[in-house]
2 protein chains.
Amino acid sequence: MSLHISREHAEMLDKKDPIACKRDEFFIEEGTIYLDGNSLGPAPKSVFDSIDVTMREEWAKGLIRSHNTAGWFMLTDTLGDKIARLLGAGQGEIVVCDTTSLNIYKTLHAALSMQPNRKRIVAEATSFPTNLYMAEGVASTCRDVSIALEGSDGDAIEDLIDEDTAIVMLNHVDYRSGVIRDVKAITELAHSMGAMVMVDLCHSAGVIPVDLRDLNVDFAVGCTYKYLNGGPGSPAYAYAAKRHHGKFTQPLSGWHGHAAPFKFEQSYRQGEGARALLCGTQHTLSMRALQSGLAIFDDVSVSELYEKGKALSDFFVSLVDGFADELGVGFYSPKDVNLRNGQVSLTHETGGYAIVQALIERGVIGDFRQPNVMRFGFAPLYLRYVDIWDAANHLHDVLKSKEWTHERFNVVATVT
Amino acid sequence: MSLHISREHAEMLDKKDPIACKRDEFFIEEGTIYLDGNSLGPAPKSVFDSIDVTMREEWAKGLIRSHNTAGWFMLTDTLGDKIARLLGAGQGEIVVCDTTSLNIYKTLHAALSMQPNRKRIVAEATSFPTNLYMAEGVASTCRDVSIALEGSDGDAIEDLIDEDTAIVMLNHVDYRSGVIRDVKAITELAHSMGAMVMVDLCHSAGVIPVDLRDLNVDFAVGCTYKYLNGGPGSPAYAYAAKRHHGKFTQPLSGWHGHAAPFKFEQSYRQGEGARALLCGTQHTLSMRALQSGLAIFDDVSVSELYEKGKALSDFFVSLVDGFADELGVGFYSPKDVNLRNGQVSLTHETGGYAIVQALIERGVIGDFRQPNVMRFGFAPLYLRYVDIWDAANHLHDVLKSKEWTHERFNVVATVT
């Protein structure tokens, strides 16, 4: 046997899994072990019929009337309220719209608009890159705004927050390593210095408990196509704490953020609450797919998911630990499961990309991130312990056999 | 008989219609006369299967791999190139992404970035409102940028363009009246003053011939859910003339506009050509639906569509002219079909909104725009001359019988 723990042990763990039944709500093809739910969640079975109804009844028959009769127009709010329940936010504090990048731009501007005398954006050099690009975008048109990056010259984020800091932009979970950041502590510090905090929840929403009220952040953003299973390119969301409602402005002031979009007034008049973060017309089919993804959370708590996710990911670490040294695998993520979300990133000196490709050919789908990181996500809604065992076993075999060195695994595709 | 032209005449016109067969490519419910394709186009029949394949094969089975294998990642460009063929643009000059509002923001900034010494945005007071709101958004964060509006104090747009004008923002077709603007002449004038032009094609693309190279505008934007039949909230597009590629910047600098999105570099490095107008991850289901809408244009020319659209709309004007004075209907659109796109807007002193509601109950779907405008769009791809006759006949009957005065037609919905 190649692994030091038996597959029967994994089967036993599955039998005791209290939320094992949730897997049935997803379409998972026979032979696929999907460890990339942290990039794109799989399809909820209910989405096929739901989108069919949206197309055939709401669009084809209802036509323009469905903006009212099918509630299209208010999906930004109704879906936002559903997400709010997952994130410890209040009703009316979250809207679903646009993309994470755009919502970053809006919330950075919102924070700057409330603090005209503060001109600094503080961020992590290890941030998901688009967050930094959007901050650059903000700075490019606002003459005095500058960006300070944690880590770029050794500074800790705590040392960068000062009386000129308007907003601290954090990633709740690091996209490469899965490490969870102590957002609450940084927010306390930032607030004590008079600065605000915006947090990116892309890699935490739906997989680790998030309580926005407890974290006490000012703004938040996130995508929905990862652990919320909203489908490819499903719309993002933006959170503005109720205490700031009516007090900020942001320059993506499109008609859906207007106080009366269908009055067709000549000048912008900002809508109420988080609706001031809306801009243009949203993508209805993509919104409806997200609705199917969110419905899966109706009868399961994120705490239950977190516990299972930790157990899955701990199990993977134990299995890989049995052959890591022998086969040249390193741990990029911390081994301590309490420090990270349900993701484990490994390294391999020369084979990272090719090993991921060889695993994909075997049906084990993870992904690769520059420069040498192999990411494996352990989404608790649909993964079984036997999947983890099989994945670790395939990884062992790909490494042991040097299968990954075949040239077909070393052709780089556009998106990895 | 209530109308002065017979229904048999309409039937005869349908028999002679060379593109009558295109109607079969849409789902149009029996009893529905859809005159609101200028708000939301109807569903192409091919979209049902296409989206089903996208969901069941590409998403559910292909999972993350479909970004490459199904071409998701490049839909921004492949769909942009399809639209380019309809608009007389070159390959690589148009990307499909985000919303019209956002693309207005990007292209206004792009024009400003190329002319740092010019600070004025010139626009029409009668513009679709979100265009003005986005210009306000640009001005709100760029200290010296100001907006001059045609019509607000009697000035013609030609008189507002001066040596401080960075960009003139035009609507190719007025959304209320359908009147076509002479974009080419204004562009010539603007260029002679050293200013640029951005044109909104929402109400012209797919229904009147547009030749962006001939118009010689610098930037253009448009939506796809009207005459391009991309479905509810389908993504918008943005055009940047090739001569400007590599020369502008815009602040919505998200990772999809990066020269190498998956290298995850720390700083933004702008992508090539029109790709510099991309920002975040696009909404795949909505992109795919648009693909079905665009496919319908593969074997029909916009010139043919324009001719039929003019004939349909002329026919409606003739029919309504027979009872307009008697029943209190005015023409908001010019009667001369050469001055407008395939849309006819009527007025009624007190009943505008309610008349539209009464018509909708009879299956004749138009829409209402403040303060008293009843809009009827005549999309040539799927409307028949008998539909026009029946619509005019219903309008006559609703007015003659005063049916519209019933209270059920006077309850205002959210979106009209």
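Lettering of chains follows the sequences in order, A, B, ..., and the numbering in each one begins at 1.
Taking the six-membered ring where tryptophan is involved, the planes of F264(B) and F128(A) are perpendicular, since the angle between them exceeds 60° and thus also 30°.
Chain A forms the most heavy-atom pairs under 4.5 Å with one residue out of S234(B), G230(B), A125(B), and that residue is A125(B). With respect to chain A, the highest number of heavy-atom pairs below 4.5 Å among P232(B), G37(B), S127(B), S286(B) belongs to P232(B). Note: T130(B) leads T130(B), L132(B), T249(B), N131(B) in heavy-atom pairs under 4.5 Å with chain A. Heavy-atom pairs under 4.5 Å with chain B peak, among K263(A), R288(A), Q370(A), H258(A), at H258(A). Comparing A289(B), G280(B), S253(B), A135(B) by how many heavy-atom pairs each has under 4.5 Å with chain A, the most go to S253(B). Of the listed residues (P371(B), C279(B), P251(B), G137(B)), the one with the most heavy-atom contacts under 4.5 Å to chain A is P251(B). Taking L252(B), L149(B), D36(B) one by one and counting their heavy-atom pairs under 4.5 Å with chain A, the maximum is reached by L252(B).
Not one N or O on the side chain of Q282(B) forms a donor-acceptor pair closer than 3.5 Å with the backbone of G233(A). In terms of modelled atom types and a separation under 3.5 Å, the side chain of Y133(B) and the main chain of R269(A) share no donor-acceptor contact. No donor-acceptor pair closer than 3.5 Å links the side chain of Q266(B) to the backbone N or O of T126(A). Judged purely by atom type and a 3.5 angstrom limit, S101(A) has no side-chain atom pairing as donor or acceptor with the backbone of G254(B).
Here CD1 of I64(B) is found 13.0 Å from CG of L35(A). Values are rounded to the nearest 0.5 Å. Atoms CG and OH, on L63(B) and Y34(A) in that order, are 4.5 Å from each other to the nearest 0.5 Å. Expressed to the nearest 0.5 Å, how far CD of E30(B) lies from NZ of K61(A) amounts to 12.5 Å. Between S140(A) atom OG and Q250(B) atom CD the span is 8.5 Å, to the nearest 0.5 Å. The OG atom of S50(B) lies 8.0 Å from the CE atom of M55(A); values are rounded to the nearest 0.5 Å.
When heavy atoms are compared at a cutoff of 4.5 Å, T32(A) approaches chain B solely by way of its side chain, counted from C-beta outward. Residue I28(A) does not touch chain B at all, counting heavy-atom pairs closer than 4.5 Å. Only the side chain of Y105(B) comes within contact range of chain A, with at least one heavy atom under 4.5 Å from a heavy atom of that chain. Using a 4.5 Å cut-off between heavy atoms, I365(A) touches chain B through its side chain atoms alone. Interface residue D98(A): backbone and side-chain heavy atoms are both found under 4.5 Å from chain B. Of the atoms belonging to N229(B), it is backbone heavy atoms, and not side-chain ones, that fall under 4.5 Å from chain A. For E265(B), the parts lying near chain A are the backbone and the side chain together; criterion is any non-hydrogen pair under 4.5 Å. There is no contact between N38(A) and chain B, counting heavy-atom distances below 4.5 Å.
Side-chain contact between E136(B) and S267(A): present, with at least one pair of heavy atoms (C-beta onward) separated by less than 4.5 Å. Contact annotation: the side chain of W72(A) approaches that of L40(B) to within less than 4.5 Å [non-hydrogen atoms, C-beta and beyond]. Counting heavy atoms from C-beta on, the side chains of T281(B) and T100(A) never come closer than 4.5 Å. Inter-residue side-chain proximity for R56(A) and V47(B) is flagged as unmet; no heavy-atom pair is nearer than 4.5 Å. Side chains of H283(B) and P235(A) form a contact here, defined as non-hydrogen atoms less than 4.5 Å apart. Using a 4.5 Å cut-off on side-chain heavy atoms (C-beta onward), T141(A) and L112(B) make no contact.
When every heavy atom of D144(B) is checked against every heavy atom of R143(A), the shortest pair comes out as OD2-NH2, 3.0 Å.
Paired with L285(B) under the rule side-chain contact (heavy atoms from CB on, under 4.5 Å), one option of T54(A), T284(A), L285(A) passes, and it is L285(A).
Scored by the ring pair (Phe, Tyr, Trp, His ring centres under 6.0 Å) test, H256(A) finds F73(A) as partners (sequence neighbours excluded). Scanning for salt bridge (Lys or Arg N to Asp or Glu O under 4.0 Å) contacts around R65(A) gives an empty result, with sequence neighbours left out.
The ring of F27(A) has its center no closer than 6.0 angstrom to the ring center of W59(B).
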